[in-house]
Amino acid sequence: MPELPEVEVVRAGLEPAVSGARVLAVHVLDERALTRHDGPGEDFAHRLTGRTIAAAVRRGKFLWMPLEPAPNPEAASTEHTEHAEHAEHAGHPEALVAHLGMSGQILLGRGDRPAAKHRRILLEVQPAGTDRDGTQEPPVELEFVDQRTFGSMAIDTMVPTIDGAAAGFAGHVDDEHPDASWRRSIPSQVSHIARDPLDPAFDDDRFIAMARKRASGIKRVLLDQGVVSGIGNIYADESLWGAKLHYDRPAERLTRADLRLLLAEVRAVLGRALEDGGTSFDAQYVNINGQSGYFSQRLAVYGQQGKPCPRCGTPIVREAFMNRSSHRCPVCQPRPRATRR
DNA sequence: ATACACGCCTGCTGGC
DNA sequence: TGCCAGCAGGCGTGTA
């Protein structure tokens, strides 16, 4: 479930279950789910087992769970001498990083469900809370399911954010622990990703300046995670419709006002999708309980080819752009006059 | 630096 | 009915 609203639905569902939880066991069922991890499955399992998860944080489509410092890194490194190089990372904060790719899901359960067909990684975690009797909550299964294996998990070291601000959105935990050590650190493999438009530290002027240096079509800029993160094909098309812009309008020729309006539309669309629990076309895109979101019912153009534009009634068209499909209203979003090339 | 092609995978749909 | 091309919410790398 891949764009910002869908990943945020997962993050929000994960947050209460994993914050303060301890990883009891790690089962790597398919190594292809570790393409972002620098090392084999045993290394991933070894570095994660026994660790305590601090929170669930998201920037754009990337999700990560900062880990409390390992209690005894020395013992750990001597035990697995073949990965002793990780001893040099002792003291550096680490996080469990997840990217859902095209078809990834993270599901929580009590182990009472039949195993999903494309289950790739299984974590057994012990939640932090104790109930009124003081007895421990039962362990929870966290499964990473991914049909197409474009998504993956990794243990990654964290580096300080370049602007010193919080690395991403962490929900309630953020309010309770605004100065937590993990707050201003970001997994190194996520550090090249721009902030997302819902991030309070997102710099509108910087986005506008970057966009106006690009000769390419505005949709390409929206999809560039180094310029603005969290937007994928669905929300790019929806936002461009909202701002009445054709996807191939050269970004460098848009006015600042055009780009401010576009940014406002991006935020409105993402916000509405969030309210609806994200966009689900099938059982592939679900929250941590396996439930679908309802934003697909409110899509104006994505997948709506042949149906009337909600604004003017003209049939929506679908066209190829950047080797994928784009949807637009031919009247509200006319092709730029000088078709480039 | 930027722009593009391509690879990574599985499963479903539509046309023949 | 079968087969095959085409398509699907993404990212990283390599090449000009």
Side-chain angles (χ1 to χ4, degrees), chain A residues 1-10 29-38 58-63 97-106 116-120 144-154 156 187-194 196 209-240 247-248 250-252 266 269-270 273-274 276-287 292-296 298-299 301-305 318-327 340-341:
Chain A
M1 41 188 310
E3 302 185 41
L4 186 153
E6 294 77 33
V7 180
E8 174 53 27
V9 166
V10 171
L29 308 170
D30 190 331
E31 295 263 342
R32 293 176 303 173
L34 294 178
T35 50
R36 286 178 171 80
H37 182 76
D38 183 23
R58 180 193 53 74
R59 174 188 289 202
K61 306 173 199 176
F62 276 89
L63 181 63
V97 181
H99 195 289
L100 302 179
M102 290 281 263
S103 56
Q105 308 172 342
I106 295 177
K117 185 176 179 188
H118 300 291
R119 176 191 267 191
R120 310 294 185 193
F144 181 70
V145 178
D146 190 9
Q147 177 192 103
R148 295 174 67 186
T149 70
F150 287 179
S152 68
M153 286 186 152
D156 196 9
S188 60
Q189 63 182 269
V190 190
S191 61
H192 69 291
I193 297 294
D196 63 63
M210 284 179 87
R212 282 164 56 93
K213 283 181 194 159
R214 298 292 194 97
S216 53
I218 182 60
K219 181 170 174 179
R220 188 183 296 282
V221 176
L222 281 184
L223 293 176
D224 186 337
Q225 305 297 301
V227 176
V228 52
S229 68
I231 304 168
N233 208 32
I234 294 180
Y235 298 110
D237 282 4
E238 292 297 307
S239 303
L240 289 168
Y247 51 78
D248 207 16
E252 64 184 358
V266 166
V269 167
L270 295 177
L274 221 35
D276 284 4
T279 302
S280 306
F281 296 128
D282 53 40
Q284 202 75 241
Y285 305 96
V286 295
N287 66 15
S292 294
Y294 296 96
F295 190 69
S296 58
R298 291 212 262 167
L299 292 171
V301 290
Y302 189 89
Q304 307 301 304
Q305 55 273 22
R318 173 180 151 179
E319 299 163 337
F321 179 65
M322 290 174 68
N323 295 321
R324 53 212 309 199
S325 54
S326 285
H327 310 73
R340 296 162 316 119
R341 262 184 315 278

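As the structure is a computational prediction, the values presented were derived from the model and not from experiment. Lettering follows sequence order; numbering is per chain, from 1.
Aromatic ring pairs are classed by plane angle as parallel below 30°, tilted from 30° to 60° and perpendicular above 60°; the pair A:Phe62 and A:His99 is perpendicular.
Using a 4.0 Å cut-off, some side-chain N or O of A:His192 falls inside it from OP1 or OP2 of C:dG12. Residue A:Asn323 places at least one side-chain N or O closer than 4.0 Å to OP1 or OP2 of B:dA5. Contact annotation: A:His118 side-chain N/O to B:dT10 OP1/OP2 distance is not under 4.0 Å. For B:dC4, one of the phosphate oxygens OP1 or OP2 lies less than 4.0 angstrom from a side-chain nitrogen or oxygen of A:Arg220. Between A:Lys117 and B:dT10 there is no side-chain N or O to OP1 or OP2 distance below 4.0 Å. Contact check, A:Thr149 against B:dC8: no side-chain N or O comes under 4.0 Å of OP1 or OP2. Applying the 4.0 Å criterion to OP1 and OP2 of C:dG10, one finds that A:Lys61 has a side-chain N or O inside that range. Considering only side-chain N and O atoms, A:Ser103 lies nowhere under 4.0 angstrom from the phosphate OP1 or OP2 of B:dG11. Here A:Arg318 does not reach the OP1 or OP2 of C:dC7: none of its side-chain N or O atoms lies under 4.0 Å away.
Electrostatic pairing of A:Asp196 and A:Arg58 counts as a salt bridge here, judged by a charged N lying under 4.0 Å from a carboxylate O.
Side-chain contact annotation: A:Ser103 with A:Arg148, donor-acceptor N/O pair under 3.5 Å absent.
Checked against B:dA3, C:dG10, B:dG11, the side chain of A:Gln147 finds its nearest nucleotide in B:dG11.
Residue A:Asp30 contributes atom CG, which lies 15 Å from atom P of B:dC8 at whole-angstrom precision. A:Phe150 has its CZ atom 12 Å from the C1' atom of C:dC7, to the nearest Å. Distance A:His327 NE2 to C:dA8 P: 7 Å, rounded to the nearest Å. Nucleotide B:dC4 holds its C1' atom 14 Å from the CG atom of A:Leu223, rounded to whole Å. Rounding to whole angstrom units, CD of residue A:Gln305 and P of B:dG14 are separated by 12 Å. In this entry the distance linking CD of A:Gln189 with C1' of C:dG10 reads 14 Å, nearest Å. The distance between atom CZ of A:Arg324 and atom P of B:dA5, rounded to the nearest whole Å, is 13 Å. In this structure, CD of A:Glu319 is placed 19 Å from P of C:dG6, rounded to the nearest angstrom.
Ring-centre distance between A:Tyr302 and A:Phe281: below the 6.0 Å cut-off.
Residues A:Arg214 and A:Val227 have side chains in contact (heavy-atom distance under 4.5 Å, counting atoms from C-beta outward). For the pair A:Ile106 and A:Leu63, the minimum side-chain heavy-atom distance is below 4.5 Å.
Partner A:Asp30 forms a side-chain hydrogen bond (donor to acceptor under 3.5 Å, both in side chains) with one of A:Arg120, A:His118, A:Arg119 and no other, that one being A:Arg120. Remark: of the listed residues A:Glu238, A:His327, A:Lys219, A:Lys219 is the sole one forming a side-chain hydrogen bond (donor to acceptor under 3.5 Å, both in side chains) with A:Asn233.
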Intra- and inter-strand pairs of DNA chain C in dot-bracket (Watson-Crick or G-U wobble, both distances under 3.5 Å; | for another strand): .|||||||.|||||||
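The nearest heavy atom of DNA chain B to A:Arg32 and to A:Met210 marks one nucleotide each, and the one closer to the 5' end goes with A:Met210.
One can find a donor-acceptor pair under 3.5 Å joining the base of C:dA8 and the side-chain atoms of A:Arg148.
Among the protein residues, A:Tyr235 comes within range of no part of the nucleic acid, since none of its heavy atoms lies under 4.0 Å from any strand. Contacts of A:Thr35 with the nucleic acid, taken as non-hydrogen atoms under 4.0 Å apart, are absent.
Nucleotides C:dC3 and B:dC9 place their P atoms 25 Å apart, quoted to the nearest Å.
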